[in-house]
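For reference, the structure discussed in these notes is given below.
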Amino acid sequence: MSAGADGSGGGGGAGTEARVGGGSPGADGFVPSALGTREHWDAVYERELKTFQEYGDTGEIWFGEESMNRLIRWMQKHKIPLDASVLDIGTGNGVFLVELAKFGFSNVTGIDYSPSAIQLSGSIIEKEGLSNIKLKVEDFLNLSTKLSGFHICIDKGTFDAISLNPDNAIEKRKQYVKSLSRVLKVKGFFLITSCNWTKEELLNEFSEGFELFEELPTPKFSFGGRSGNSVAALVFQKT
């Protein structure tokens with residue numbers, strides 16, 4: 001995944017040390033963490049790349065396989081065309097891109113601000129014998145002018161990681177929303193999976209230019225007589 005810019009979509013869970021724990025929370029209630037820095041994710045994917053080269057291990061799937069299947073089921077349910085342009089924001093190890101391609105999606109792009117993540121993704125995609133997946137080293141908070149016009153944008157953990165950036169995370173989140181608005185077509189869909197943010201909080205974060213289209217079912221937990229969702233998965237549509 002990637003953090004302070006174009007997080008990692010390969011997995012999900014940057015926010016496991018989100019709002020409580022050591023340190024002082026910032027104005028947004030999050031405790032700044034190394035999980036929000038590019039240096040952290042560069043080191044993670046350098047290790048994962050080496051592990052893949054030595055042992056063939058593709059690494060962690062953020063939020064698990066069910067999170068990928070949940071998003072693909074939604075795309076099938078709503079009859080998203082197989083040639084629709086899909087952007088995986090912070091693709092990490094690219095495993096989700098592989099799954100999309102195996103289901104027949106033919107216009108898929110993965111971006112990550114970690115060159116090692118993109119190198120790892122490319123190696124895994126090559127091993128799978130897939131050739132119709134595009135990969136780019138891109139900082140989602142500082143995009144090149146070439147990225148635009150996507151029908152679907154997907155985020156599994158990237159927005160979470162940005163929220164933990166020690167350097168002005170609130171402004172980075174605002175820039176994320178601006179970048180998302182720029183790359184996504186009008187009436188396009190944004191599918192976000194988060195373990196840091198509740199449904200209500202995400203509705204607030206993406207209130208400008210986006211409206212809630214659907215909430216996806218996620219695993220529930222019970223503790224102390226109360227129950228809730230450990231993960232939020234929402235579909236927004238650009239207005």
Side-chain angles (χ1 to χ4, degrees), residues 1-3 5-16 35 38 40-76 80 82 84-138 140 150-162 189-195 216 218-219 230-233 235:
M1 172 188 136
S2 295
D6 135 55
S8 143
T16 48
L35 289 169
R38 180 182 302 212
H40 172 82
W41 294 109
D42 279 339
V44 165
Y45 286 111
E46 283 170 13
R47 289 196 303 270
E48 290 202 3
L49 177 60
K50 185 176 181 181
T51 299
F52 177 76
Q53 290 169 339
E54 292 181 356
Y55 306 106
D57 183 359
T58 57
E60 180 185 7
I61 298 175
W62 278 52
F63 297 111
E65 289 190 19
E66 171 56 24
S67 67
M68 298 193 298
N69 295 334
R70 181 192 307 131
L71 300 180
I72 292 172
R73 283 197 302 269
W74 182 88
M75 293 168 75
Q76 292 178 316
I80 302 299
L82 292 178
S85 54
V86 181
L87 177 66
D88 188 20
I89 302 169
T91 196
N93 60 13
V95 170
F96 185 56
L97 300 175
V98 170
E99 290 302 306
L100 287 170
K102 287 182 177 179
F103 272 88
F105 289 95
S106 59
N107 190 4
V108 178
T109 301
I111 62 172
D112 204 294
Y113 70 179
S114 171
S116 294
I118 294 300
Q119 189 178 349
L120 174 62
S121 299
S123 297
I124 292 171
I125 289 167
E126 183 180 2
K127 182 182 178 182
E128 293 285 344
L130 300 169
S131 58
N132 58 343
I133 296 175
K134 296 179 282 292
L135 294 170
K136 297 182 180 181
V137 177
E138 280 278 0
F140 195 63
F150 287 92
H151 296 94
I152 305 281
C153 288
I154 294 168
D155 179 322
K156 296 199 301 102
T158 297
F159 192 70
D160 282 354
I162 288 172
F189 295 105
F190 171 54
L191 286 64
I192 181 170
T193 304
S194 170
C195 60
L216 303 182
T218 59
S230 56
V231 171
V235 179

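Throughout, numbering of the chain's residues begins at 1 and tracks the sequence.
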Determine whether the side chains of Asp160 and Ser194 contain a donor N or O and an acceptor N or O closer than 3.5 Å.
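Short answer, yes.
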
Taking [X] for its side chain and [Y] for its backbone only, find out whether a donor-acceptor pair lies under 3.5 Å.
X      : Y      : result
Asn69  : Leu71  : no
Ser85  : His151 : yes
Ser114 : Gly92  : no

If I take atom [atom1] from residue [X] and atom [atom2] from residue [Y], how far apart are they, to the nearest 0.5 angstrom?
X      : Y      : atom1 : atom2 : answer
Gln119 : Leu135 : CD    : CG    : 11.5 Å
Ile89  : Glu138 : CD1   : CD    : 11.5 Å
Ile133 : Asn107 : CD1   : CG    : 11.0 Å
Thr91  : Lys156 : OG1   : NZ    : 9.0 Å
Ile152 : Leu191 : CD1   : CG    : 6.0 Å
Arg73  : Glu66  : CZ    : CD    : 4.5 Å

Using every non-hydrogen atom in the two residues, find where [X] and [Y] come nearest and quote the distance to one decimal.
X      : Y      : result
Lys136 : Ile118 : O-CD1, 3.3 Å
Val137 : Tyr113 : CG1-O, 4.1 Å
Leu82  : Gly104 : CB-O, 3.5 Å
Asp155 : Thr158 : OD1-N, 2.8 Å

Do [X] and [Y] come within less than 4.5 Å of each other through their side chains, counting heavy atoms only?
X      : Y      : value
Asp88  : Val108 : no
Phe140 : Ile162 : no
Arg70  : Thr218 : yes
Val86  : Ile80  : no
Phe159 : Ile192 : yes

Could you go through the side chain to side chain contact (heavy atoms under 4.5 Å, CB included) check for Phe105 and Asn132 one step at a time?
CA-CA 9 Å; Phe105 289 95; Asn132 58 343; over 6 Å; no

Take atom CD in Glu126; do more than 12 heavy atoms of anything else shown fall under 6.0 Å from it?
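For Glu126, atom CD is not crowded (no more than 12 foreign heavy atoms under 6.0 Å).
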
With Trp74, which of Phe189, Phe190, Phe103 fulfils ring-ring contact (aromatic ring centres under 6.0 Å, His included)?
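Considering Phe189, Phe190, Phe103, a ring-ring contact (aromatic ring centres under 6.0 Å, His included) with Trp74 is found only for Phe189.
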
